[in-house]
Each structure stands twice: as structure tokens, then as C-alpha cells.
Amino acid sequence: GTSIRWDPAVYKSIDQQLASLYGKNVVLVGDSIMYGSHMSDYHEGNRVIITKNGVTYKNNTSTIVWSYAFSNYLTSQYGCNVLNQSFPGCSYNDVTNNLSTLIPADRDIAICLLGVNDWGNPVTIRTHMASITNYCKTNNIIPIFITPYPAIDYQAELAQIRGYMK
């Protein structure tokens with residue numbers, strides 16, 4: 001079998017990368033998973049995120065969703081200013097069509113948890129990821145994508161996405 005060997009250099013590198021987070025402005029962009037709309041403790045706040053098809057989505061103030069825990073971690077451990085711009089049903093298309101609203105230009109890092117609402121269309125996802133990446137590069141924002149990528153040829157699709165991100 002394969003064994004995993006602990007390598008202190010890897011952990012030193014991770015610590016160095018995490019140290020670069022100190023004081024950064026982070027935006028979370030995603031669908032209901034990032035938003036936490038399926039939680040029993042859902043509480044709608046007062047801050048408007050977006051109005052889509054006549055429905056106004058406001059921030060979720062629940063403290064039991066993972067995005068709250070993640071935001072709290074980034075704030076308490078790294079002094080980050082975190083803005084959650086997620087909303088239920090959000091797709092790559094929604095983000096691409098509302099880039100400056102969902103990913104404000106004053107952010108340093110954009111963490112995008114998207115793809116569930118785009119399932120089955122890898123070409124569209126790739127195109128939107130390229131648009132989001134280009135917007136982020138133009139505004140000196142580091143894009144981080146977390147996505148259940150629905151590609152048939154996973155390795156070929158992933159190679160193309162990596163090409164867009166360079």
C-alpha cells in the first residue's frame with residue numbers, strides 16, 4: 001500500500017501561505033451551501049446582497065453555518081475582513097453577470113463555492129471561471145474556486161481551467 005509521510009517543509013510552506021492572509025479583505029461568493037439557507041437556524045439579516053428575478057436576497061446571520069465559522073476563523077486568527085455575498089441558487093452565470101456587486105473591487109481574495117447550480121455544463125463553467133478570474137486579476141484579487149466540477153474528462157478540463165488562471 002501507499003503510505004503518507006509527514007514532511008515538515010510542507011507544513012512550513014502552509015504556515016507561510018496562511019501568514020500572508022493577515023488583514024486581508026476576503027469575499028465569500030457561493031450558492032445555498034455557502035449561504036446556509038437549509039439550516040434550521042436560518043436568520044435573514046438586513047444587508048441586501050442582490051435582487052434576482054424580483055427576489056431580494058439578504059445576508060444570513062445564523063451562527064451555525066460553516067461560512068460563519070470560516071469567516072469567524074479568518075477574522076479571529078488572521079484579522080481578515082470577511083464579506084459573505086452568497087445567496088441561494090447562485091450560479092457561475094449570476095456571478096459573471098454581477099461581478100462588481102458580488103466581488104467588490106476592494107477585496108484581496110475571493111473564495112467562490114459554486115457549481116452545484118451549473119451541474120452538467122462544464123464548458124459554461126469553464127467560460128465563467130475564466131471571466132471571474134480575469135475580473136479578479138484586473139482588480140488584484142486572488143480567486144479561489146471550490147467547485148464540484150462536472151466534467152466527463154476531468155483531467156483535460158482541469159488542465160484548461162489551470163491555463164485560464166495563469
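We use all heavy atoms of the structure for the numbers below, so side chains are in, but hydrogens, waters and symmetry mates are not.
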Closest approach of Ser67 to Tyr35 (non-hydrogen atoms, all atoms of both residues): OG-O, 4.4 Å
Note, Trp66 side chain near Leu113 side chain (heavy atom, < 4.5 Å): yes
Aromatic ring pairing His128/Tyr92, orientation class (parallel under 30°, perpendicular over 60°, tilted between): parallel
Close side-chain approach of Phe87 and Asp94, heavy atoms under 4.5 Å: yes
Check: Asn134/Ser131 side-chain N/O donor and acceptor closer than 3.5 Å: no
Side-chain heavy atoms of Val95 within contact of Cys112, under 4.5 Å: no
Contact check, side chains of Ser86 and Tyr57, non-hydrogen atoms, under 4.5 Å: no
Hphob cluster co-occupancy, Ile146 + Val82, side-chain heavy atoms under 4.5 angstrom: yes
Rounded distance [0.5 Å steps], NZ in Lys137 versus CD1 in Ile132: 13.5 Å
Arg107 side chain reached by Asn81 side chain, heavy atoms, under 4.5 Å: yes
Side-chain donor or acceptor of Gln85 paired with backbone N/O of Ile103 under 3.5 Å: no
Heavy atoms of other groups near Lys52 NZ, more than 12 under 6.0 Å: yes
Heavy-atom closest contact (Asn117 atom, Cys90 atom, distance): ND2-O, 2.9 Å
Spatial distance of atom OG (Ser91) from atom CG (Leu114) [nearest 0.5 Å]: 7.5 Å
Interatomic spacing from CG in Asn98 to CD1 in Ile50 - rounded to 0.5 Å: 3.5 Å
Side-chain touch Ile109/Leu21, heavy atoms, less than 4.5 angstrom: yes
Path from Val27 to Val48 over hydrophobic side-chain contacts below 4.5 Å: no
Side chain to side chain, Leu102 and Ile49, heavy atoms closer than 4.5 Å: yes
Between CG on residue Asn60 and CE on residue Met34, distance to nearest 0.5 Å: 12.5 Å
Pairwise side-chain contact, Asn84 with Tyr68, heavy-atom cut-off 4.5 Å (strictly under): no
Straight-line distance of Ser20 OG to Tyr22 OH, nearest 0.5 Å: 10.0 Å
Inter-residue atom distance Asp108.CG - Ile141.CD1, 0.5 Å rounding: 8.0 Å
Considering all heavy atoms, the nearest Asp31-Gly115 contact: OD2-N, 4.4 Å
Any residue meeting side-chain contact (heavy atoms from CB on, under 4.5 Å) with Ala69, in chain and number order, not counting sequence neighbours: none
